2 protein chains.
Amino acid sequence: MATIRDVAKEAGVSLGTVSRYLNGYTLKKANMEKIAAAIKKLDFKQNYLAKGLKTKKSHAIGVVVNALTDIFAASIVTSLEELLEKNNYELIITDYKNNIKLLNEKLKFLYSRNIDGIVLFHVEQAVPILKEFRKKKIPVVAVDTPISGFECDTVLLDNYHASVEAVESLYEIGHRQIGIISGGQQGYVGSERLRGYVAAMKKYGIFDHELIASGSSFKDASYNATLDLLKNNHQITALYSTNYYMTIGAIQAINELNLRIPNDISFIGFDDYVISTVIKPQLTAVAQPVTKIGRKIGKIILQKIANPSILAYETEYFKARIVWRDSVKNKNI
Amino acid sequence: MATIRDVAKEAGVSLGTVSRYLNGYTLKKANMEKIAAAIKKLDFKQNYLAKGLKTKKSHAIGVVVNALTDIFAASIVTSLEELLEKNNYELIITDYKNNIKLLNEKLKFLYSRNIDGIVLFHVEQAVPILKEFRKKKIPVVAVDTPISGFECDTVLLDNYHASVEAVESLYEIGHRQIGIISGGQQGYVGSERLRGYVAAMKKYGIFDHELIASGSSFKDASYNATLDLLKNNHQITALYSTNYYMTIGAIQAINELNLRIPNDISFIGFDDYVISTVIKPQLTAVAQPVTKIGRKIGKIILQKIANPSILAYETEYFKARIVWRDSVKNKNI
DNA sequence: TTAAAGTTTGAATATGCTTTCAAATTACTT
DNA sequence: AAGTAATTTGAAAGCATATTCAAACTTTAA
């Protein structure tokens, strides 16, 4: 393996000049060309371990998701990775299985690997090791959920307005008894989505506690909650489920009750992934701009790495949009 | 940050002794205890960059998948990561979007990062950079698909027998006109699954070309293929679709044709993820042992890293099993 | 008690790169 | 052409660790 020293010799310049070349300083055109040629000829690759040892940077970004199989995180990471790899950063992806203790362990692991930045998906609560990241000025970006007890750049969906829009849309086409399958108040995302629903329902004067089914945000809880809700509220004409996995459970329950979508009941689900188009009829869904979100995260990380002393943290909101398919009935027609 | 030197001073032993301690050599019990105490006291963490520079190992494993959102790869990586992280390896995960040129680029990137091992999902064909990995004795494990033109350890599903079993099961409960939605011959996985189907059908003397719908292995092709197949073969009583995404397309087509599962048509789909239980009725599916597969990959990698001079490559087959739900009708009852 | 075997020590060298600095060279201005 | 500004040089130090080696020290066995 060729080293920077070999390149210097080959190009007939000094070692320091090559180093400066590699680090983006401008130098005499002639020298730049000679160095470029030497690099090509020798097939020289920087040794990131040596570089990292010296600079204390690894050119690696840690990404912590709750589950690798979570389609939401995976979609975002796809575009994040594209951007970061272009900038010569590698992604170390890890899951923490919604276990706060495991999260701390995984972050320690990443910390010990001299990570240059870190992206946390869906973390509600600060863990001790985060303070060490702050001390070392390693940028942290929270995605999907703000971290309580730790200030950092945060990229969120505007869940509140997404819910408002869902309810408004249903209202406009004649629905009044709009049920919600909610994850309840315990998580940020779930409570924001619920808050938007409540606000919109109240705005139209059609709010009713009975229309809220609240469980945890997983498939099985949602299945049970939906079953209960629909058995006890035959007047419900539309159902709004507040995440992908809850949509799955809700649809199972609707099937179980032999209700037909959209004739017996209209349906809007949060998140628009493959399920939406498999189910008959295809589902109207609230879609998140995952590609944009991924790019934004990447930009923030790169910017903060380039300028670690900026202490201001921004919170960026992205707007969801509703993708209309066949699961919602227009009652005005 | 404490260094090995600080630990030595604190423990009152020499630097080399600490180094040997950290690398698993046995030494005097008293010294081991003193060093352990010092490490704890100073909260010492090995610097992987320095260590890597010296040993030319990064303690990182590259994982290349075709898409981060691919549930199959994500499921396997979940258990792979668990095992490798326990052994202090980090995972650098990357996708290559089924683009062979991009694959080579991504592998070059990983190569330049001094990766200690590499796992390739669903790669059909060798790319040039793989030779460099071989030269440096960096272990390569192929998953899901053997790499043509490159010999390495390979972890596969026994696709052939999974198909045979699916057909046998359907035959035993009275089905004779068993259609298949196949990805065609172009990919290893698809052709193996088709081969098993053909063999089993021939064994029973019920093989018929007309029963094979063949397209690419994606949702839309499968949708069209299924539509064609079922329109032209009203006698088909059971359908076997050969991967997750094709199942989605096939189900869409079945819905479109207003066929009821399992009364009008029975259905078995390859891969058992969340879709299987959302659809009404819930789908009988061929499930892959993803956790076991992930662990096996990890074991192979660790073993080959520990012993890079072993030149024998093994090919390990895993058995799928059928998860029975409600989409298959027993015609004998 | 002594010889043999096993450990530990301290110092040195190496890994590939960045950074610094005074001195030397080259390039611009006027 | 001279003066100033900008670049490059060569050498050295440093990053945290591993490894080597002869010498010194311990432990074990006879």
Side-chain angles (χ1 to χ4, degrees), chain A residues 1-39 42-60 88 111-116 136 138 305-306 308, chain B residues 1-39 42-60 88 90 111-116 136 305-306 308:
Chain A
M1 265 277 148
T3 73
I4 205 179
R5 193 164 254 109
D6 301 321
V7 172
K9 203 173 291 170
E10 175 71 31
V13 299
S14 87
L15 184 161
T17 306
V18 177
S19 175
R20 271 174 293 132
Y21 171 83
L22 291 171
N23 289 292
Y25 293 77
T26 47
L27 26 101
K28 268 199 298 185
K29 222 194 284 173
N31 281 340
M32 292 180 79
E33 281 159 9
K34 278 193 283 181
I35 294 173
I39 287 177
L42 300 175
D43 191 28
F44 165 80
K45 298 252 164 46
Q46 275 191 78
N47 182 322
Y48 281 89
L49 294 167
K51 183 176 186 140
L53 175 58
K54 184 67 204 180
T55 60
K56 307 202 173 306
K57 299 236 170 292
S58 62
H59 264 248
N88 253 294
Y111 183 81
S112 77
R113 295 323 203 77
N114 298 82
I115 241 63
D116 292 346
K136 279 224 266 173
I138 297 170
I305 286 176
Chain B
M1 266 275 148
T3 72
I4 205 178
R5 192 163 255 109
D6 301 322
V7 172
K9 202 174 290 170
E10 175 72 31
V13 299
S14 86
L15 186 159
T17 307
V18 177
S19 175
R20 270 176 292 131
Y21 172 83
L22 290 172
N23 290 290
Y25 294 77
T26 46
L27 26 101
K28 267 200 294 186
K29 223 194 285 173
N31 280 340
M32 291 181 78
E33 281 160 9
K34 279 193 282 181
I35 293 172
I39 286 176
L42 299 176
D43 191 28
F44 165 81
K45 300 251 162 49
Q46 276 192 78
N47 182 321
Y48 281 89
L49 293 168
K51 182 171 187 147
L53 175 59
K54 186 68 203 177
T55 60
K56 307 202 171 305
K57 299 235 171 292
S58 62
H59 264 249
N88 253 293
E90 65 186 21
Y111 184 81
S112 77
R113 293 325 203 77
N114 299 82
I115 243 62
D116 292 346
K136 279 225 266 174
I305 286 175

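Being a predicted model, the structure only gives us computed values, none of them experimental. Chain naming here is simple, since letters A, B, ... match the order of the sequence lines and numbering starts at 1 in each.
- Between A:Asn23 and C:dT18, a side-chain N or O to OP1/OP2 separation shorter than 4.0 Å is present.
- Only B:Ser19, listed by number, bring a heavy atom of residues 6-21 of chain B to less than 4.0 angstrom from any atom of DNA chain D.
- Using a 4.0 Å heavy-atom cutoff across all strands shown, A:Lys57 reaches no nucleic acid atom at all.
- Close to D:dT8, at under 4.0 Å from its OP1 or OP2, lies no side-chain N or O of A:Lys28.
- Among the heavy atoms of the strands lying under 4.0 Å from A:Leu53 is at least one base atom, whether or not backbone atoms are also near.
- At D:dT7, none of the side-chain N or O atoms of A:Asn31 fall inside 4.0 Å of OP1 or OP2 (strictly under the cut-off).
- Side-chain atoms of A:Phe44 lie closest to C:dC17 of the nucleotides D:dC15, C:dC17, C:dT19.
- Put simply, the side chain of A:Lys136 reaches to within 4.5 Å of the side chain of A:Tyr111, judged on heavy atoms.
- With contacts defined as side-chain heavy-atom distances shorter than 4.5 Å, the pair B:Val7/B:Lys34 does not qualify.
- The closest side-chain heavy-atom distance from B:Tyr21 to B:Leu27 is below 4.5 Å.
- Between B:Glu10 and B:Leu42, the shortest heavy-atom distance links the atoms CB-CD1, 3.9 Å.
- The side chain of A:Lys51 has C:dC17 as its nearest neighbour among C:dC17, D:dA18, D:dT17.
- For a distance-only test at 3.5 Å, the side chain of B:Lys54 qualifies as a donor-acceptor partner of the base of C:dA14.
- Side-chain atoms of A:Asn47 and B:Leu53, non-hydrogen and from C-beta on, do get closer than 4.5 Å to each other.
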